[in-house]
Visitor: 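Quick one: structure below, then a few questions.
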Amino acid sequence: METSYERGFLLNSKKILAAAVSVAAIASLTACGGVKDDTTAGADSGNAITIGTTDKITSLDPAGSYDNGSYAVQIQVFPFLYAQNYNTSELSPDIAADDGTWSADGTEFTVKLRKGLKFANGHDLTASDVKFSFDRIKKINDENGPSSLLANIESVEAKDDTTVVFHSAVKDDVTLKQVLSSPAGPIVDEESFSADKLTDANTIVKDNAFAGPYKLTSYKVNEALAYAKNDSYKGLTPAKNDVVQVKYFADSSNLKMAVQQGQVDVAYRSLTPTDIDDLSKDSKVKVVKGPGGEERFLVFNFNIQPYGTKSDEPNADKAKAVRQAVANLIDREELATKVYKDTYTPMYSYIPDGLVGHEDTFKTAYGDGNGKPSSDKAKKVLEDAGVSTPVELKLQYNPDHYGSSSADEYAALKAQLEEGGLFKVDLQSTEWTQYNKDRVVTEDSDGSYPVYQLGWFPDYSDPDNYLSPFFRDGNFVNNAYSNSEINDLIMEQAGETDESAREDLLKKIQTLETEDLSTIPLLQGAQVAVTGANVKGVVLDASFRFRFASVTKA
């Protein structure tokens, strides 16, 4: 939904801080630029927690990103109304003062804020900032942003400085609080961020516009970041350390070497399965694992896939037959065992194992009915639809954002799809920053990839988060897919308070979507980090967030 909102309060003049932003790499903490901070400048960089990752940042502005690399930064520096405490999936107030209350008719959700909240720059954090934060995400509606998560919110109202009212399009929306804790939920400073366009990272850092556990003191995108503890944070998870540095690596082999040699204290996303296996035998490091939730899947662009609506020969029946043939040829067991050494498990459903509504619809609908591929079944579905073979299929994957094992994964998929001569696969790859732009269908573009790789790291621990972002109108996948029946059922389950009835709706959605095949789930996996032997407090739990705030060193 692309509803434009009026801003309810006049903004004060933006306060420009005197300190200049440095984008120098963080060779030492005293060299960090950004907002000048006496605590940061005097800190002993040897005691800093150093994190290593291969993830990439799309945008520091929450309105312009919907990816794990960006969110990993945002959860450290921006507050949320609700979040999870450590080792639980249950939500608690972060900067909210209470659990929130629904109106008698189930259309209004009222949240009270803690009193005396401030941003690191001294600006007051009030209900006006909360309204502003949600309004701008919907108004900007960036193609790479999280606006699809806010589809159930009709409007946001600031009653007074500490009272916010969310007007819901879905009565008694059981997902609303989860959404408020998601990538659409960071609260930003209305005096520093633009209301109708993305705000660049330099402006955010220069304005010290942070109210989470940390503030960023240096920011060089996808190279190096420096964080300092934010003493003005009054939320759920205050930092137990004073300084965190994050180093970005081009590949997992260098990240593995860095954690082995003590150059980083924690390696998180993404080491290869072989790396993790090797490191588990190294006494100098520790492997930390958390509950699963991550998903790897294929996406079909309904415009330009073979026989898609914008192809040279558009034909809905043939296009669907191509998708079904692909589904019949995939061997998930091979991918899980040979490529990922069982660090991932086969995923035969849209809702992962362990969440309500999970049902292995793909195991029965495709292949041999027991999880194995069937070239005979794939051949028949193509013949019945009149599709000539081999079908030429351009298959795209990303080599950096989803880990270097993606190359092996998609080489295996290519071999599986070419089994029996039904497909001729042109396998290609693109770096993430360009990939994430090229994949989407917009008003001005049909997208560049007919079939392509995506991954999913959940926003919150609820089955809705594996449905709404993928299949509801306005979803983040942006692959030109729409089904009004599924759209309505997704809205219905969100407001269904009877658990049994909701489970029935969730299963019905999966059955219908298994027929449509907008996407094909492949694998689900656990969270994994590797730390130095002297590092404590790395918590990977059902919040699906790695929070730097709990990490300490002996």
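Worth knowing before you read on, the calculation uses all heavy atoms, side chains too, and leaves out hydrogens, waters and symmetry mates.
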Visitor: One thing to verify: whether Arg323 and Asp516 come together as a salt bridge, which I'm taking to mean a side-chain N less than 4.0 angstrom from a carboxylate O.
Guide: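 No, Asp516 and Arg323 are not salt-bridged.
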Visitor: Looking at Gln428, I'd like to know if its CD atom is crowded, meaning that more than 12 non-hydrogen atoms belonging to other residues, nucleotides or ligands lie closer than 6.0 Å.
Guide: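 Counting other residues, nucleotides and ligands, CD of Gln428 exceeds 12 neighbours.
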Visitor: NZ of Lys284 to CG of Asp282: how many Å apart, nearest 0.5 Å?
Guide: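 Going from NZ on Lys284 over to CG on Asp282, the span is 4.0 Å.
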Visitor: In terms of heavy-atom contacts, does NZ of Lys414 have more than 12 from other residues, nucleotides or ligands at under 6.0 Å?
Guide: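 Count over threshold, so yes.
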Visitor: Counting N and O atoms only, with roles assigned by atom type, does the side chain of Ser550 sit under 3.5 Å from a partner on the main chain of Val538, one being a donor and the other an acceptor?
Guide: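 Here the side-chain-to-backbone pair does not exist.
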Visitor: If you count every heavy atom of other residues, nucleotides or ligands that lies below 6.0 Å from Lys363 atom NZ, does the total exceed 12?
Guide: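 Check passes, neighbour count above 12.
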Visitor: Are the side chains of Pro306 and Glu392 in contact, using a 4.5 Å heavy-atom criterion?
Guide: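 Side chain of Glu392 against side chain of Pro306, heavy atoms only: no contact under 4.5 Å found.
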Visitor: Report the residues that fulfil side chain to side chain contact (heavy atoms under 4.5 Å, CB included) with Ser182, sequence neighbours left out, ordered by chain and then residue number.
Guide: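 In terms of side chain to side chain contact (heavy atoms under 4.5 Å, CB included), with neighbours along the sequence ignored, Ser182 is linked to Leu149, Val179, Ala184, Asp459, Tyr460.
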Visitor: If the condition is salt bridge (Lys or Arg N to Asp or Glu O under 4.0 Å), which residues does Glu359 pass it with, not counting sequence neighbours?
Guide: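 By the salt bridge (Lys or Arg N to Asp or Glu O under 4.0 Å) rule, Glu359 matches no residue at all.
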Visitor: Give a yes or no on this: more than 12 heavy atoms of other residues, nucleotides or ligands lie within 6.0 Å of atom CD of Gln261.
Guide: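 Yes, enclosed.
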Visitor: Is Arg547 salt-bridged to Asp541, cutoff N-O under 4.0 Å?
Guide: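 Salt bridge flag = yes for Asp541 with Arg547.
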Visitor: Taking ring-ring contact (aromatic ring centres under 6.0 Å, His included) as the definition, give me every residue that meets it alongside Tyr71, ordered by chain and number, with sequence neighbours left out.
Guide: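 ring-ring contact (aromatic ring centres under 6.0 Å, His included) list for Tyr71, sorted by chain: empty.
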Visitor: If we ignore angles and hydrogens, is there a donor and acceptor under 3.5 Å between the side chains of Ser404 and Ser252?
Guide: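 Present: a donor and an acceptor within the cut-off.
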Visitor: Report the residues that fulfil side chain to side chain donor-acceptor pair (under 3.5 Å) with Gln524, sequence neighbours left out, ordered by chain and then residue number.
Guide: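 Here no residue qualifies.
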Visitor: Honestly, is Lys215 close enough over Phe210, meaning NZ or CZ under 6.0 Å from the six-membered ring centre and within 45° of the axis?
Guide: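 No, cation not above the ring by the 6.0 Å, 45° rule.
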Visitor: Less than 3.5 Å apart, any donor N or O on the side chain of Asn436 or Asp67 sitting next to an acceptor on the other?
Guide: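 Side chains of Asn436 and Asp67: no pair found under 3.5 Å.
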Visitor: Do Tyr410 and Asn398 make a side-chain contact, defined as non-hydrogen atoms from C-beta onward lying under 4.5 Å apart?
Guide: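 Contact flag for Tyr410/Asn398 side chains = no.
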Visitor: Just verifying a value: how many Å separate Gln434 CD and Ser448 OG, rounded to the nearest 0.5 Å?
Guide: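 Reported to 0.5 Å precision, the distance equals 8.0 Å.
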Visitor: Are side-chain N/O atoms of Thr552 and Asn241 paired as donor and acceptor at under 3.5 Å?
Guide: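 No.
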Visitor: Could you walk me through whether Tyr227 and Leu216 pass the side chain to side chain contact (heavy atoms under 4.5 Å, CB included) test, one step at a time?
Guide: CA-CA 5 Å; Tyr227 299 82; Leu216 274 170; 3.7 Å; yes
Visitor: Quick one: do Ser461 and Gln178 satisfy side-chain hydrogen bond (donor to acceptor under 3.5 Å, both in side chains)? Show the steps, please.
Guide: CA-CA 8 Å; Ser461 185; Gln178 298 277 14; over 6 Å; no
Visitor: Working to the nearest 0.5 angstrom, can you tell me the gap between Leu329 CG and Gln324 CD?
Guide: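 Here the interatomic distance stands at 12.0 Å.
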Visitor: Just to verify, what does Phe80 make a ring-ring contact (aromatic ring centres under 6.0 Å, His included) with, not counting sequence neighbours?
Guide: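 For Phe80, no residue satisfies ring-ring contact (aromatic ring centres under 6.0 Å, His included) once neighbours in sequence are set aside.
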Visitor: According to side chain to side chain donor-acceptor pair (under 3.5 Å), does anything in residues 369-382 pair up with another residue at least two apart or in another chain? List the pairs.
Guide: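 Those involving residues 369-382 are Lys380-Asp384.
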Visitor: Counting N and O atoms only, with roles assigned by atom type, does the side chain of Lys553 sit under 3.5 Å from a partner on the main chain of Ala48, one being a donor and the other an acceptor?
Guide: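 It does hold such a pair.
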Visitor: Between Phe476 and Phe470, is the gap from one ring center to the other below 6.0 Å?
Guide: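 Centroid separation for Phe476 and Phe470: below 6.0 Å.
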Visitor: Begin with the C-alpha distance, continue with both residues' side-chain angles, and end with the deciding distance and a verdict on side chain to side chain contact (heavy atoms under 4.5 Å, CB included) for Phe423 and Thr389.
Guide: CA-CA 7 Å; Phe423 287 93; Thr389 57; over 6 Å; no
Visitor: Roughly how far, to the nearest 0.5 Å, is the CG atom of Leu198 from the CG atom of Asp61?
Guide: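 Answer for the CG-CG pair, Asp61 versus Leu198, is 5.0 Å.
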Visitor: List in chain and number order the residues that pass salt bridge (Lys or Arg N to Asp or Glu O under 4.0 Å) with Glu295, two or more places apart in sequence or in another chain; answer none if no residue qualifies.
Guide: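 None.
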Visitor: Report the C-alpha separation of Glu294 and Tyr344 in whole Å, then their side-chain angles, then the decisive distance to 0.1 Å, and conclude whether the side-chain hydrogen bond (donor to acceptor under 3.5 Å, both in side chains) test is met.
Guide: CA-CA 9 Å; Glu294 184 178 355; Tyr344 286 83; 3.1 Å; yes
Visitor: Go through it in stages, so that I can follow the logic: the residues are Gln396 and Thr430, the test is side-chain hydrogen bond (donor to acceptor under 3.5 Å, both in side chains), and I'd like the CA-CA distance, side-chain angles, deciding distance and then a yes or no.
Guide: CA-CA 8 Å; Gln396 196 86 11; Thr430 306; 2.5 Å; yes
Visitor: Please determine whether side chain to side chain contact (heavy atoms under 4.5 Å, CB included) holds for the pair Leu427 and Leu413, giving the CA-CA distance in whole Å, both sets of side-chain angles, and the decisive distance to 0.1 Å.
Guide: CA-CA 10 Å; Leu427 186 61; Leu413 275 172; over 6 Å; no
Visitor: Please list, chain by chain and in numerical order, all residues satisfying ring-ring contact (aromatic ring centres under 6.0 Å, His included) with Phe546, sequence neighbours excluded.
Guide: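 Here the qualifying residues are Tyr268, Phe548.
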Visitor: Which pairs, with at least one residue in residues 422-441 and sequence neighbours excluded, count as a salt bridge (Lys or Arg N to Asp or Glu O under 4.0 Å)?
Guide: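 Matches after skipping sequence neighbours: none remain.
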Visitor: Check the pair Lys338 / Asp408 against salt bridge (charged side-chain N to carboxylate O under 4.0 Å, His left out), numbers first and verdict last.
Guide: CA-CA 9 Å; Lys338 293 185 178 180; Asp408 295 331; over 6 Å; no
Visitor: Going through the checks in order, is the side-chain hydrogen bond (donor to acceptor under 3.5 Å, both in side chains) test met by Arg332 and Thr345?
Guide: CA-CA 8 Å; Arg332 293 170 177 80; Thr345 58; over 6 Å; no
Visitor: Parallel, tilted or perpendicular: which describes the rings of Phe471 and Tyr350, with under 30° parallel and over 60° perpendicular?
Guide: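 Rings of Phe471 and Tyr350: perpendicular, as their planes differ by over 60°.
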Visitor: Taking only residues two or more places apart in sequence, or in another chain, which ones meet Lys286 in a salt bridge (Lys or Arg N to Asp or Glu O under 4.0 Å)?
Guide: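 If we apply the salt bridge (Lys or Arg N to Asp or Glu O under 4.0 Å) test to Lys286, skipping adjacent residues, there are no hits.
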Visitor: Only one of Asp360, Thr361, Thr364 clears side-chain hydrogen bond (donor to acceptor under 3.5 Å, both in side chains) with Thr514; which?
Guide: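 Answer to the side-chain hydrogen bond (donor to acceptor under 3.5 Å, both in side chains) test with Thr514 among Asp360, Thr361, Thr364: Thr361.
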Visitor: So, taking the atom named CG in Asn465 and the one named CG in Asp462, what distance separates them when rounded to the nearest 0.5 Å?
Guide: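 Interatomic distance, Asn465 CG to Asp462 CG, rounded to 0.5 Å: 7.5 Å.
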Visitor: Side chain to side chain contact (heavy atoms under 4.5 Å, CB included), that's the test. Do Gln263 and Thr50 meet it? Break it down for me.
Guide: CA-CA 8 Å; Gln263 296 170 7; Thr50 305; over 6 Å; no
Visitor: Does Asp277 come within less than 4.0 Å of Lys341, counting only side-chain N to carboxylate O?
Guide: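 Salt bridge: no.
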Visitor: Just checking, Arg269 and Phe457: is the charged tip under 6.0 Å from the six-membered ring centre and within 45° of the axis?
Guide: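 Verdict for Phe457: a cation-pi partner in Arg269.
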Visitor: Please identify each residue that fulfils ring-ring contact (aromatic ring centres under 6.0 Å, His included) with Tyr449, with sequence neighbours left out.
Guide: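 Checked Tyr449 against ring-ring contact (aromatic ring centres under 6.0 Å, His included); matches are Tyr435.
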Visitor: Just to verify, what does Lys507 make a salt bridge (Lys or Arg N to Asp or Glu O under 4.0 Å) with, not counting sequence neighbours?
Guide: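 Checked Lys507 against salt bridge (Lys or Arg N to Asp or Glu O under 4.0 Å); matches are Glu503.
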Visitor: Checking ring-ring contact (aromatic ring centres under 6.0 Å, His included) against Tyr402, which of Tyr340, Trp432, Tyr397, Trp456 comes through?
Guide: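 With Tyr402 as partner, ring-ring contact (aromatic ring centres under 6.0 Å, His included) holds for just one option, Trp432.
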Visitor: Closest approach of Asp94 and Gly235, non-hydrogen atoms and distance?
Guide: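 So the two residues come closest at OD1-CA, 3.2 Å.
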